[in-house]
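Any value given below was found using the heavy atoms of this structure, including those in side chains, with hydrogens, waters and symmetry copies removed.
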Amino acid sequence: MSSTATGMEKSGSRKRGTTPQPNGGRTADQLLDDAKRQATQAVKNEWDYKLALVVITVLAFVTRFWGISHPDQVVFDEVHFGKFASHYLQRTYFFDVHPPFGKLLFAFAGWLVGYNGEFLFENIGDSYITNKVPYVAYRAMPATMGALTVVTTYLIMWESEYSLPACILAAGLVLFDNAHIGQTRLILLDATLVLFMALSVFSYVRFYKLRNAPFSRKWWKWLLLTGVNLSCVISTKYVGAFTFFSIGVPVAIDLWDLMDVNRRKGALTLVDFGKHLAARVTGLIIVPFCIYLFWFQVHFAILNRSGPGDDFMSPQFQETLSDNLMSQKAIAIEYFDHVSFRHKETKVFLHSHPDKYPLRYEDGRISSQGQQVTGYPHNDTNNLWQMIPTRDIPVEPGHRVKNGDVVQLRHMVTDTYLLSHDVASPYYPTNQEFTTVAMAEAKGERFNDTLFEIRVEGGKPGQDFKTMSSQFKLIHFPSKVAMWTHTKPLPEWAFKQAEINGNKNVMQPSNLWFPEEIAGIEEGSPRLVKEVKKVKTMPFLSKYLELQRAMFFHNNALTSSHPYSSFPIQWPFLFRGVSFWTHNDTRQQIYFLGNPIGWWIASSLLAVFAGIIGADQLSLRRGIDAMDKRTRAHLYNSTGFFFLTWAAHYAPFFIMGRQLFLHHYLPAHLASALVTGGLIEFIFNIDPGNIEDNIAASNQGKPTTAPAGRGGQLRNRLATQSLLATWAASGAILSIVVWCFFYFAPLTYGAPGLSVEQILARKWLNYDLHFAK
């Protein structure tokens with residue numbers, strides 16, 4: 001007998017009386033070897049994923065960089081973010097409601113090409129060519145990020161173990177989306193925001209897949225990378241907090257699972273759980289916050305010169321900037337000086353004139369009929385007030401007004417004294433009226449009503465009260481209300497000037513004023529001689545906290561209307577876009593608009609996903625299990641995670657009161673593309689036989705079937721099934737999405753110009769396009 005036959009006989013024989021072993025009598029080592037061979041074969045078989053990745057990457061860069069030099073003019077919000085980059089390059093202080101990271105990247109791009117930031121991007125339509133601005137280098141950075149966002153979308157699906165058509169579909173919805181392309185070809189922040197949002201999701205998926213190898217090097221790497229990416233999101237715009245929430249929820253669920261004493265892998269001790277908790281707090285909270293603070297430190301270090309943002313900051317902050325006019329022009333105010341006062345926020349002067357308040361206001365309330373005290377935007381002699389002491393001091397000049405002093409303010413032109421009393425103001429029945437009274441009353445029976453305390457913001461007791469540098473609140477001494485004004489003009493009887501009244505909310509930041517100048521100081525006076533002042537320092541945390549307060553206050557104040565603002569309910573259905581740029585001579589326009597078909601499909605499937613989850617839960621309640629465990633786990637844990645990410649980046653906008661635009665939906669749209677890819681695979685790749693077996697088993701009270709093996713085997717299972725239906729569905733969707741992309745491309749790229757008929761044909765939902773007639 002040949003050796004081969006002998007070997008076969010030996011391998012095929014079994015000892016008499018032995019019990020047949022499960023798995024065909026194969027040992028654990030043999031099963032492990034088979035698993036390794038299958039894993040190796042799966043990697044070899046992923047050449048199609050890698051090829052698709054290359055093709056998608058090339059297309060992403062082509063669609064983002066195609067014609068990027070057009071138009072060679074300032075477009076839409078490039079007036080803001082291009083200007084901020086120039087201020088960084090010139091090191092002049094500016095103010096913005098967004099954190100510095102994304103703007104620093106633009107400044108870095110300008111620095112790399114040797115630009116000095118001379119052009120300040122003042123107006124939409126200004127020529128880049130005439131002003132010699134390296135605008136293509138600026139635009140190349142967000143375009144690169146936009147292309148990498150498409151790649152990251154594909155990698156998220158791949159790492160989440162979806163089939164190839166699902167990966168291509170999700171990436172394709174972002175690749176051929178006109179809104180993502182339009183927003184990432186310009187000097188805007190959203191490319192940075194969306195890329196790092198996608199990278200946060202990707203890195204978390206990688207981290208989650210290593211949950212069975214805690215505290216390994218790779219585990220720590222992907223945990224920390226998740227934190228770094230999250231930090232970059234929130235360091236670009238504060239809506240990055242939504243990404244923290246979408247990652248934080250599954251992290252919290254994962255920690256809750258680790259607390260379970262009945263875990264399949266065994267319960268953790270409280271010490272081990274504490275290590276897991278501490279690692280996540282460090283990687284996802286402490287490290288991101290430190291990086292976030294680092295970008296503000298860079299921001300302050302670069303912007304060390306006085307600039308247009310000075311007025312938003314306190315005098316103490318402004319004294320840390322070189323060439324600051326406030327510090328240079330500051331003059332100590334003395335008693336009997338004639339001073340003009342200006343409101344910090346609205347910039348109107350404290351003003352009075354002989355005209356009286358009407359007897360009755362429009363709502364029937366009665367006034368004091370006293371002399372009007374208003375806010376006036378222009379320089380005028382009626383803006384001058386004399387500082388009158390309320391304590392005995394020598395008449396000779398030289399006695400300075402100090403923080404905390406109680407004074408009277410005499411209106412120079414009408415020779416009357418500022419007064420507030422318990423009479424309702426014209427517009428605010430709860431606020432006190434400001435008026436003036438004659439000297440006899442001011443020195444007699446109404447003396448107390450003319451007393452005002454100088455309360456310098458952030459000032460020390462007894463410090464000098466100075467022009468320009470002393471922001472203060474004028475507190476009515478008896479009633480403790482603060483002098484305040486606002487933007488709504490008074491009626492014609494007050495010449496549409498601003499209302500001045502007494503605000504009972506003394507802590508309100510808009511109560512701040514500053515003395516602008518002292519009238520009548522002769523040229524050559526010793527008071528005008530300025531000593532050379534050194535630039536002061538201020539602790540980083542003090543500067544950071546002050547800037548944070550100003551940023552949040554002004555962000556919440558962005559409530560004025562805009563012709564292209566929109567509401568969150570409109571975004572998923574793409575009811576309207578935003579006009580970015582027009583050129584009348586060539587009838588060219590850039591209209592910010594998503595791919596309508598792509599958005600409608602993705603939005604519809606979000607509703608389908610919610611319906612599937614609801615139906616599945618209802619079926620389980622009735623004892624019917626229509627899915628195997630692995631399919632349900634992937635649907636809930638992976639596609640459900642994408643759905644949570646969409647909701648976290650969309651729902652909070654409904655409670656915001658500020659201006660909102662279509663671009664705020666871009667992070668949510670990317671998440672909806674991920675949901676679409678996962679759901680199409682689920683719908684078109686379910687094994688009907690398996691469903692019937694599960695339903696029958698459920699009805700008989702038997703356990704349902706589930707594929708053998710654990711994590712990482714889902715793609716192998718999918719490979720054994722036919723993906724023909726998934727390919728067909730994905731191909732059909734992408735075909736119409738690609739057609740729609742090319743159809744609206746002239747509005748995305750701003751070329752070529754369209755005829756009236758072509759423009760009208762693209763007004764699918766009455767989009768407010770230009771040149772439509």
Discussion item. Can a donor-acceptor pair be found, under 3.5 Å and without considering hydrogens, that links the side chain of D464 to the backbone of K466?
Written reply: no
Fill in: Aromatic F94 / basic K83 pairing, under 6.0 angstrom, 45° off normal
no
Fill in: H649 side-chain N/O to P667 backbone N/O, donor-acceptor pair under 3.5 Å
no
Item to complete: Would you please classify the geometry between the Y544 ring and the F540 ring as parallel, tilted or perpendicular, with 30° and 60° separating the classes?
Response: parallel
Worksheet item: Out of curiosity, I333 CD1 to I454 CD1, how far, rounded to the nearest 0.5 Å?
Response: 8.0 Å
Fill in: Between Y665 and Q570: side-chain donor-acceptor atoms closer than 3.5 Å
no
Fill in: Intermediate values then yes/no, side chain to side chain contact (heavy atoms under 4.5 Å, CB included), F592 and Y564
CA-CA 10 Å; F592 176 68; Y564 291 102; over 6 Å; no
Worksheet entry | E441/D449 under side chain to side chain contact (heavy atoms under 4.5 Å, CB included): CA gap, chis, key distance, verdict | CA-CA 10 Å; E441 293 182 83; D449 288 338; over 6 Å; no
Practice prompt. Verify whether the ring centers belonging to F472 and F465 lie closer than 6.0 Å.
Written response: yes
Practice prompt. Would you please indicate yes or no on a ring centroid separation below 6.0 angstrom for Y88 and F84?
Written response: no
Item to complete: Kindly write out the residues that satisfy side-chain contact (heavy atoms from CB on, under 4.5 Å) with N304, not counting sequence neighbours, or none if the list is empty.
Response: R91
Fill in: Pairing residues for K237 by the salt bridge (charged side-chain N to carboxylate O under 4.0 Å, His left out) criterion, not counting sequence neighbours
D190
Worksheet item: Taking side chain as C-beta onward, heavy atoms only, is I500 less than 4.5 Å from M483?
Response: yes
Practice prompt. Mind checking the CD-CD1 spacing from Q90 to I302? Nearest 0.5 Å is all I need.
Written response: 13.5 Å
Fill in: H98 and T236 side chains, donor-acceptor separation under 3.5 Å
no
Worksheet item: For the ring pair F434 and F452, is the centre-to-centre distance below 6.0 Å?
Response: yes
Worksheet item: With the threshold set at 4.0 Å, does a side-chain nitrogen-carboxylate oxygen contact exist between R365 and D363?
Response: yes
Practice prompt. Would you please say whether a donor-acceptor pair under 3.5 Å links the side chains of E345 and S510?
Written response: no
Discussion item. For the backbone of H299 and the side chain of K103, can you confirm whether one donor and one acceptor N or O come within less than 3.5 Å of each other?
Written reply: no
Worksheet entry | Distance-only polar pair, side chains of E433 and H421, donor-acceptor under 3.5 Å | yes
Discussion item. Checking L350 against W513 for the side chain to side chain contact (heavy atoms under 4.5 Å, CB included) test, could you report, in this order, the C-alpha distance in whole Å, the side-chain angles of both residues, the deciding distance, and whether it holds?
Written reply: CA-CA 9 Å; L350 177 63; W513 297 73; 4.1 Å; yes
Practice prompt. Verify whether the ring centers belonging to Y376 and H353 lie closer than 6.0 Å.
Written response: no
Worksheet item: E516 and S340: side-chain donor and acceptor closer than 3.5 Å?
Response: no
Discussion item. When you compare the side chains of S565 and Q659, does any donor N or O come within less than 3.5 Å of an acceptor on the partner?
Written reply: no
Discussion item. If the threshold is 4.0 Å, N to carboxylate O, is there a salt bridge linking D311 and K344?
Written reply: no
Fill in: Stepwise side chain to side chain contact (heavy atoms under 4.5 Å, CB included) test for W571 and L662
CA-CA 6 Å; W571 299 341; L662 181 62; 3.9 Å; yes
